[in-house]
**Student:** 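Pasting a structure here, questions to come.
For reference, positions follow the sequence shown, starting with 1. None of the values given here were measured: they were computed from a predicted structure. Counting starts at 1 for both ligands and their atoms, in listed order.
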Amino acid sequence: MPYPKVTVVGAGQVGATAAFLLVSKGLADVVLLDVAEGLPQGKSLDMMHSRSVELFSPTVVGTNDYADTQGSDIVVVTAGLPRKPGMSRDDLLAANAGIVRSVVAGAVAASPGALILCVTNPLDVMTYLAWKESGLPTQRVFGMGGVLDSARFAYAIAEETNKPMGSIQAVVCGAHGDAMVPMPRHSTVEGKSLVDVVDQSRVEALCERTIRGGAEVVALLKTGSAYYAPAASVVRMVQAVLGDTKESLSSCVYLSGEYGIRDVYVSVPAQLGREGVVSVTEMDLNAEEIDALRESAATIAASIEALGLRG
Ligand code: APR
């Protein structure tokens, strides 16, 4: 059986790390594409040099030409400018919109049957833009935000409780940015709700730490932004799709009335499978949680309006 084909556009920190994880875990043949000449080719060659050490079977090829991406099952879009210290995700909006438009046009022309997984920030708006530009059904275009935010929440919870990672289920919904909505009541430690395990003041501190997670990394790195956890989160989603697992992962998906939210891409738990977004898993949210999610979605809607993407 041939491996599925995954194209990763953007051979920077996130894209290259995701590509390496995809091949080294034996999940897919990867095409790594970038506008920078030599960059995707060099990184791919470097990865292939590790093949006899890591003993993985799939291949990774670097290119600057969308013709090489033909017939991809999934196109992961990481092309863009990364966030610099002091720069908000929204500062990136205009710059990355032009990049995402051109990437999606090139990728869909070469692989009309592909799913698109958007990673470029500001994530929720870029995913909406990718959907609009692609002309594809909403089920086939989605974004990586909630998995990463949930992973950061899980890390904070594990640090606080000293419980093994495997015993923690963390859920973060909403915009991928300062307006994200950690869901402590729906997050569990050894099957018990976080709010029953940790004091309210500590729960708030953990949520704060989660929201600041990306900025904390940016401040420490000085140049560039996080990439190991983002790349791992991409791979987690790709794995669910390729394996057709239909597991529920907090994903940036199109909502058409769920939670009273319409015509916005925002992270909520959704089942992922070979067709893309199989269904949105409706959580049993209380009034406060619904309000928070709607407020968060409203911040995304405002950016979508600002870019003139609706209609
Ligand atoms: N087509 C293809 N590649 C492009 C294009 C384009 N039009 N424009 C830029 N790129 C490439 C750059 O050449 C660079 O190699 O995208 C890559 C981005 O890599 P990095 O600058 O290392 O950024 P990275 O840290 O990987 O983040 C990528 O993911 O998490 C988000 O906020 C982050 O939007 C950013 C994206």
**Student:** Once you round to the nearest 0.5 Å, how far does CG of L129 lie from SG of C118?
**Tutor:**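 Going from CG on L129 over to SG on C118, the span is 8.0 Å.
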**Student:** Closer than 4.0 Å to some heavy atom of L81 - which atoms of ligand 1 meet that?
**Tutor:**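 What qualifies from ligand 1 is 34 (O), 35 (C).
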**Student:** Under 3.5 Å between some N or O of ligand 1 and some N or O of Q13?
**Tutor:**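 It does: an N or O of Q13 is found under 3.5 Å from an N or O of ligand 1.
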**Student:** Please compare V119, L148, V234, V35 and report which has the shortest non-hydrogen distance to atom 2 (C) of ligand 1.
**Tutor:** V35
**Student:** Taking the six-membered ring for Trp, are F20 and F56 parallel (under 30°), tilted (30 to 60°) or perpendicular (over 60°)?
**Tutor:** perpendicular
**Student:** Which is closest to atom 36 (C) of ligand 1 by heavy-atom distance: L32, L221, T78, I99?
**Tutor:**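 Ranked by closest heavy atom to atom 36 (C) of ligand 1, first place is T78.
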**Student:** Please classify the L123 to ligand 1 contact at 4.0 Å (heavy-atom distances, strictly less than): side chain, backbone, both or neither.
**Tutor:**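 None of L123 does.
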**Student:** Any atoms of ligand 1 less than 4.0 Å from a non-hydrogen atom of V9? List them with their elements.
**Tutor:**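 Within the 4.0 Å cut-off of V9, ligand 1 contributes 2 (C).
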**Student:** Would you check the N or O atoms of N121, main chain and side chain alike, for any that come under 3.5 Å of an N or O of ligand 1?
**Tutor:**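 Yes; the residue has a nitrogen or oxygen that sits under 3.5 Å from a nitrogen or oxygen of the ligand.
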**Student:** Can we say E275 and R140 salt-bridge, meaning some charged N sits less than 4.0 Å from an Asp/Glu carboxylate O?
**Tutor:**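 Salt bridge between E275 and R140, a charged N being under 4.0 Å from a carboxylate O: no.
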**Student:** Atoms of ligand 1 less than 4.0 Å from V14 heavy atoms?
**Tutor:**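 So the answer, numbered in order with elements, is 24 (P), 25 (O), 26 (O), 27 (O).
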**Student:** Answer yes when R212 and D178 have at least one side-chain N-carboxylate O distance shorter than 4.0 Å, and no when they do not.
**Tutor:**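 The answer is no: the pair does not qualify as a salt bridge.
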**Student:** Check the orientation of Y254 and W131. Use parallel for under 30°, tilted for 30 to 60°, and perpendicular for over 60°.
**Tutor:**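 Y254 and W131: tilted rings.
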**Student:** Would you mind listing which atoms of ligand 1 come within a distance below 4.0 Å of any non-hydrogen atom of T120?
**Tutor:**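 Those qualifying, in numeric order: 34 (O).
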**Student:** How long is the span from the CZ atom in F142 to the CG atom in L272, to the nearest 0.5 Å?
**Tutor:** 5.5 Å
**Student:** With atom 18 (C) of ligand 1 as the reference point, say which of G80, P122, A231 has the nearest heavy atom.
**Tutor:**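 The nearest heavy atom belongs to G80.
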**Student:** Give, for atom CD of Q169 and atom NE2 of H186, the distance between the pair rounded to the nearest 0.5 Å.
**Tutor:** 13.5 Å
**Student:** So, S24 and E54: side-chain donor and acceptor under 3.5 Å apart, yes or no?
**Tutor:**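 The answer is no; no qualifying pair exists.
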**Student:** Only heavy atoms of L39, strictly under 4.0 Å: list the atoms of ligand 1 that pass.
**Tutor:** 15 (O)
**Student:** Please could you name the atoms of ligand 1 that N96 approaches to less than 4.0 Å, counting only its heavy atoms?
**Tutor:**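 Once the distances to N96 are compared, the set is 34 (O).
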